Protein chains: 2
Amino acid sequence: MVEAAQVTGIGDRGHEVGPPELRRAIELLFFAYRDFTGEADQLLERYGFGRAHHRVIYFVGRHPGVSVSGLLDILKITKQGLSPVLSQLVRDGFVIARPDRADRRRRRLFLTEEAQALERVLTARQSARLAAAFAEAGPDAASGFTQVLEAIIAPEVRHRVALAFPDPMEGSPRP
Amino acid sequence: MVEAAQVTGIGDRGHEVGPPELRRAIELLFFAYRDFTGEADQLLERYGFGRAHHRVIYFVGRHPGVSVSGLLDILKITKQGLSPVLSQLVRDGFVIARPDRADRRRRRLFLTEEAQALERVLTARQSARLAAAFAEAGPDAASGFTQVLEAIIAPEVRHRVALAFPDPMEGSPRP
DNA sequence: ATTATATGTCAAGGATGCTGACGTAATTGC
DNA sequence: GCAATTACGTCAGCATCCTTGACATATAAT
């Protein structure tokens, strides 16, 4: 096939393997995600933060009082991987960790006001980009977009995603 | 606000910052992309490859005869970043680089048969996951999904995405 | 009292990038 | 023909983010 590609050469589309619309969707997801996540980096740099810090700030902001292990469950990384990032955020005054009253082994994490302000700006930027895309594609497309994303997510992970309307149980201590 | 979060404590949703559906979409994109890309990793490990190798295999497969700089343009990384990955793929017999006939400074990249087979399996896995999500969400949602992804992508990058139908100009030498 | 849990830390390493500098071969422009 | 440019490679150094493994400490549960 390599020889064939060289012989037929120019204009060869490579081996066709599946429905073009699926192949196209795979690529769209790659490019879209890359462009989308690149949005916030410039602002984070000013604070000496990277993507990992962004994720922590975001999810602690969404789940105030989450425990360290709860955060690890969401992020699906190891505590050794989280450690330097979380330490820096605490050291720099962006995250506050206080022991849970009922179980003092657990540290509940909260954003400081400065971190909340940063998170608002970061989320606002990404929201603006999404809103522009939704406006361009139309409300039905926007609805389909979230439906498909939800279907892509592994069933056991879906419950972690924020609900469209506030979750009354959010932040409650584990049994 | 941190104190407020601790006082109101349990059940607090954190600071509400924007439309819930946009916040929800941001999270969906995060979880969906993570689950989606994790799909192929297990298979790649058997070859001693990572995501970077996957990207090279994928795009060389989609653009047979692409030059090194062409690949760098697609991936948006530096040649120093690509170098170890591409070298390993050539060394392991997954990518063949031959000088362009008209301009022998340029190396045109092709996949070997083994690499094509691997790429087919990898893409088939991801296609299957996408197809399942499309089936679950319905054809209209699938259409909206790709429309929104395309709208998210920066305009100057959109032309890089595969077309739904083969591009007759693909692989042609630069003027 | 023993065991289990939540967390932290030290060590070592891998994957994937970056910038900067330099070199070589080939092509292009004058 | 010669200089500048282009395509590519490589070496050095560094950063980010993540891993596994081992061990320590405090608290809670039994």
Side-chain angles (χ1 to χ4, degrees), chain A residues 30 33-34 37-38 40-42 44-45 47-60 65-92 95-109 173-175, chain B residues 30 34 37-38 40-42 44-60 65-92 95-109 173-175:
Chain A
F30 169 74
Y33 191 79
R34 189 180 62 182
T37 56
D41 293 4
Q42 175 190 358
L44 288 160
E45 260 179 46
Y47 294 84
F49 296 155
R51 296 241 178 108
H53 302 84
H54 185 183
R55 290 194 284 269
V56 170
I57 289 173
Y58 182 86
F59 283 109
V60 173
V66 69
S67 67
V68 172
S69 57
L71 191 55
L72 293 176
D73 278 352
I74 293 171
L75 298 176
K76 280 193 185 162
I77 61 174
T78 62
K79 61 180 176 175
Q80 298 93 327
L82 176 61
S83 176
V85 173
L86 186 55
S87 299
Q88 186 185 351
L89 287 170
V90 171
R91 200 167 49 240
D92 292 0
V95 168
I96 290 178
R98 353 188 117 198
D100 183 274
R101 287 179 196 172
D103 183 347
R104 285 180 316 196
R105 293 172 304 177
R106 307 179 70 193
R107 300 171 65 202
R108 303 187 79 108
L109 307 174
R174 291 204 285 175
Chain B
F30 170 73
R34 190 180 63 180
T37 56
D41 293 4
Q42 176 190 358
L44 288 159
E45 261 179 44
R46 294 189 214 161
Y47 295 84
F49 295 156
R51 295 237 179 112
H53 302 85
H54 186 183
R55 290 194 283 269
V56 170
I57 288 174
Y58 181 86
F59 283 110
V60 172
V66 69
S67 67
V68 172
S69 58
L71 190 54
L72 293 176
D73 278 352
I74 293 171
L75 298 176
K76 280 193 184 161
I77 61 175
T78 63
K79 61 179 177 175
Q80 297 94 327
L82 176 62
S83 176
V85 172
L86 186 55
S87 299
Q88 186 185 351
L89 287 169
V90 170
R91 201 167 50 239
D92 293 358
V95 167
I96 290 179
R98 352 189 116 200
D100 183 274
R101 287 179 195 172
D103 183 347
R104 283 180 317 194
R105 293 172 305 177
R106 307 179 69 192
R107 301 171 64 204
R108 302 187 80 109
L109 306 174
R174 290 204 286 177

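Fair warning: this is a prediction, and the values are worked out from it, not measured in the lab. A, B, ... follow the sequence lines: proteins, then strands. Residue 1 opens every chain.
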Letter per nucleotide, 5' to 3', of nucleotides 19-26 of chain D [B base touched, S only sugar-phosphate touched, - untouched; heavy atoms, 4.0 Å]: BBBB----

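- Between B/S69 and D/dC8 there is a side-chain polar atom (N or O) within less than 4.0 angstrom of OP1 or OP2.
- In this structure the side chain of B/F59 reaches within 4.5 angstrom of the side chain of B/L75, judged on heavy atoms.
- Listed by residue number, the members of residues 46-57 of chain B with any heavy atom below 4.0 angstrom from DNA chain C are B/G50, B/R51, B/A52, B/H53, B/R55.
- Along DNA chain D, the nucleotide nearest to A/D103 and the one nearest to A/V85 differ in position, and the one closer to the 5' end is contacted by A/V85.
- Distance check, rounded to the nearest 0.5 Å: CG of B/L86 to CZ of B/R91 gives 10.5 Å.
- Between B/F49 and B/I57, some side-chain heavy-atom pair lies under the 4.5 Å cut-off.
- Following rounding to the nearest Å, B/L71 (CG) and D/dA7 (C1') show an atom-to-atom distance of 14 Å.
- Taking atom CZ on A/R98 and atom C1' on C/dA6, their separation rounds to 19 Å, with Å as the unit.
- A donor-acceptor pair is defined here as one N or O able to donate and one able to accept, closer than 3.5 Å; no such pair exists between the side chain of A/R106 and the backbone of A/S69.
- Considering only heavy atoms from C-beta on, B/L109 stays 4.5 Å or farther from B/V56 through its side chain.
- Rounding to whole angstrom units, CG of residue B/L72 and P of D/dC8 are separated by 8 Å.
- Rounded to an integer number of Å, the gap from CD of A/Q88 to C1' of D/dC18 is 16 Å.
- Look at CG on B/D100: it is 15 Å from C1' on C/dA25, rounded to the nearest Å.
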Evaluation steps, side chain to side chain contact (heavy atoms under 4.5 Å, CB included), between B/H53 and B/L89: CA-CA 7 Å; B/H53 302 85; B/L89 287 169; 4.0 Å; yes

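- With rounding to the nearest 0.5 angstrom, the CG atom of A/L71 is 13.0 Å from the CZ atom of A/R108.
- The shortest distance between side-chain heavy atoms of B/I96 and B/V90 does not fall below 4.5 Å.
- The residue B/A102 sits close only to the backbone: its heavy atoms come under 4.0 Å of sugar-phosphate atoms, none of a base.
- At whole-Å resolution of the value, CZ in A/R108 and P in C/dT7 are 10 Å apart.
- The B/S83 side chain lies nearest to D/dT10 when the options are D/dC8, D/dT10, C/dA6.
- Here D/dA15 presents its C1' atom at 14 Å from CG of A/D41, a figure rounded to the nearest Å.
- The distance between atom CZ of B/R106 and atom P of C/dT24, rounded to the nearest whole Å, is 23 Å.
- Using a 4.5 Å heavy-atom cutoff, the side chains of B/R51 and B/D41 are in contact.
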